[in-house]
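One structure below.
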Protein chains: 2
Amino acid sequence: MTQTILSESQQDYLKIVLDLINEKKVARIKEIARRKGVSMPSVTEAMRKLSKEDFVQYSVREFVELTPAGETAAHRLSSKNMFLKNFFIDVLGIENSIAEKEACELEHHLSVATLDRLILLYQFLSECKKNDQLTLHLLKNCVRSAEGMSEIDPECKSCFVTSNFPHQMGKSTVHTLLAKLNRGQKGQVVMLGPDTELRRRIIEKGLLPGSAFVLEEKGDAESPYRILSDGCSVELDIKAANMIEVAIEQSN
Amino acid sequence: MTQTILSESQQDYLKIVLDLINEKKVARIKEIARRKGVSMPSVTEAMRKLSKEDFVQYSVREFVELTPAGETAAHRLSSKNMFLKNFFIDVLGIENSIAEKEACELEHHLSVATLDRLILLYQFLSECKKNDQLTLHLLKNCVRSAEGMSEIDPECKSCFVTSNFPHQMGKSTVHTLLAKLNRGQKGQVVMLGPDTELRRRIIEKGLLPGSAFVLEEKGDAESPYRILSDGCSVELDIKAANMIEVAIEQSN
DNA sequence: TAAATTAGTTAGGCCTGCCTAATTTACCAA
DNA sequence: TTGGTAAATTAGGCAGGCCTAACTAATTTA
């Protein structure tokens, strides 16, 4: 596996292409240029280069498509971005549009090790939600409010964590393990389990708390689970699938 | 004030120069090159450019010095770096050398707004230390340990926050406000107060939790406090000085 | 004090990632 | 079927931040 190193800019291109394909089915040079804020010739050039290194499939005057390698890279970046943004909004209480910008700035520079720890912190606060409202109130007041530090706001209703999750958005959900889902079921990752080694492998595949997905193929001891997240296919062995807590919509 | 924008690389150079001046009194081309991992001609060129824009004072074959503008920029970056590193180590439990590298990666891309929130989070955990050991234990177990998530380690002795502070390093300290110190006293910033506007101004000056300093000039309603931190002079009005909690060594 | 060593500079190049201007292609509509 | 228009490409340039090779200045050291 020749690990070609993608520059930040190249990764951005891949992410934009992925987004466009998910949103509009096809990725055109012009739209890529618009989103990246560069001129069309710059995009043409970049696509040519990415296609030479086999991250996109592209020939003159055709739509841009992602190769599996490109999809992997794009998805990785994209999910990091999503998580960071949620972290900033949910934990640090940063305003949406700023959080978005900040996430784009930082996504390239955050190592998996650190990301892992941030995820754990995020998960810790999720746990607190269940049994330690007081601490959360305090945290909210400290971190979020302008005049923090001393008073508790008893009116604090919104929660810190997972506010972008479906169950925070008016839908009623239940939690279960990914391994228990059936083919075709949709869900959203809530929590990754404790095994560090395994957790990192999952993180590297771009499956982070907040990732929405559909189960495409239910695996077993032999064959892997295959899920579709962000338009990208991700394979997980059963051990990993048993370590991922997910939220699914209540079926009643 | 013509806000010349410094590139990342240029900021790095300034920080390295500051470090060298603090450590070895003078900054030589060769040593800058070594630390930055570039060749000497690259440094010469960079210094020439920085000197043209008045961030360093430099003429051929002489030592490099920082101008006030350069010092400000360097100090800002440097303190951001220190804080991030501490945050990674103390809160996220990341291993020292990785934390250091990660801090260097991220320091350029973290906005003051986000930095502010991270500082508040850090301070929140400091507060917890006083009255909520249980939550900290949980957090420690969740975020730091490999097998997190479920068990509480009753043996957890080290604390999360401020472990790089003098009082964590075997020295006995007391906390007070910066405004109350006398000229010549040394201290370390522990906490910034609640006023967001003011707090940001302080953060922008590079005075963050963890910053060590000496009070050079005690101010009053008229004249500012002047402190020396990291070899850089920082001025604060009395309002700011009253908002900064510091640790000083016990004088007994 | 002359040779050797080390630090720093000059000159010339390279690569990335952009740009503008001019041209080509593709498609749509009359 | 023929313009017209929009999308994309080609060509040529530029700046930042690096590099190597060759040279010069300053400092040892013998």
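Lettering of chains follows the sequences in order, A, B, ..., and the numbering in each one begins at 1.
- Salt-bridge check for B:E217 with B:R183: passed, with a basic side-chain N closer than 4.0 Å to an acidic carboxylate O.
- Over its full length, the helix from C:dT1-D:dA30 to C:dA30-D:dT1 turns its helical axis through 10°, comparing axes from the five pairs at each end and rounding to 10°.
- OP1 or OP2 of D:dG17 has not a single side-chain nitrogen or oxygen of B:S42 nearer than 4.0 Å.
- In this entry the distance linking CZ of B:R34 with P of C:dA7 reads 12 Å, nearest Å.
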Please list every donor-acceptor pair under 3.5 Å in which a side-chain atom of residues 13-20 of chain B meets a protein atom from a residue at least two apart or in another chain.
residue: B:K15; atom: NZ; partner: B:E107; partner atom: OE1; Å: 3.4
residue: B:K15; atom: NZ; partner: B:E107; partner atom: OE2; Å: 3.3

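- With sequence neighbours left out, A:S97 forms a side chain to side chain donor-acceptor pair (under 3.5 Å) with A:E95.
- A heavy-atom distance below 4.0 Å to DNA chain C is reached by none of the residues of residues 6-20 of chain B.
- Scored by the side-chain contact (heavy atoms from CB on, under 4.5 Å) test, B:R200 finds B:V112, B:A113, B:D116, B:T196 as partners (sequence neighbours excluded).
- The CD1-P distance, from B:I32 to C:dA7, rounds to 14 Å in whole Å.
- A close approach under 4.0 Å does occur between a side-chain nitrogen or oxygen of A:K36 and OP1 or OP2 of C:dC18.
- Legend: residues meeting side-chain contact (heavy atoms from CB on, under 4.5 Å) with B:E100, ordered by chain and number and at least two apart, are B:K85.
- Not counting sequence neighbours, the partners of A:Q185 by the side-chain contact (heavy atoms from CB on, under 4.5 Å) test are A:L181, A:N182, A:I248.
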Using nucleotides 8-13 of chain C, report all nitrogen or oxygen pairs with the protein that are shorter than 3.5 Å.
residue: C:dG8; atom: OP2; partner: B:K30; partner atom: N; Å: 2.9
residue: C:dT9; atom: OP1; partner: B:Y58; partner atom: OH; Å: 2.2
residue: C:dT9; atom: OP1; partner: B:R61; partner atom: N; Å: 2.9
residue: C:dT9; atom: OP2; partner: B:T44; partner atom: OG1; Å: 2.6
residue: C:dT9; atom: OP2; partner: B:Y58; partner atom: OH; Å: 3.1
residue: C:dT9; atom: O4'; partner: B:R61; partner atom: NH2; Å: 3.2
residue: C:dT10; atom: OP2; partner: B:R48; partner atom: NH2; Å: 2.2

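- Legend: salt bridge (Lys or Arg N to Asp or Glu O under 4.0 Å) pairs involving residues 25-44 of chain A, not counting sequence neighbours, sorted by first then second residue: A:E23-A:R35, A:K24-A:E31, A:E31-A:R34, A:E31-A:R35.
- A search for ring-ring contact (aromatic ring centres under 6.0 Å, His included) contacts involving A:F83 returns A:Y122, not counting sequence neighbours.
- Distances shorter than 4.0 Å separate none of the side-chain N or O atoms of B:K49 from OP1 or OP2 on D:dA15.
- Across the protein-nucleic acid pair, B:M47 atom CE and C:dA7 atom C1' stand 15 Å apart, rounded to whole Å.
- Partners of A:E105 by side-chain contact (heavy atoms from CB on, under 4.5 Å), not counting sequence neighbours, listed by chain and number: B:H109.
- Taking only side-chain nitrogens and oxygens, A:S39 never comes nearer than 4.0 Å to OP1 or OP2 of C:dC18.
- Identified under the salt bridge (Lys or Arg N to Asp or Glu O under 4.0 Å) test for residues 42-65 of chain B, with sequence neighbours left out: none.
- What separates NZ of A:K52 from C1' of C:dC15 is a distance of 14 Å, to the nearest Å.
- If you check the side chains of A:Q57 and A:T67, you find no donor sitting under 3.5 Å from an acceptor.
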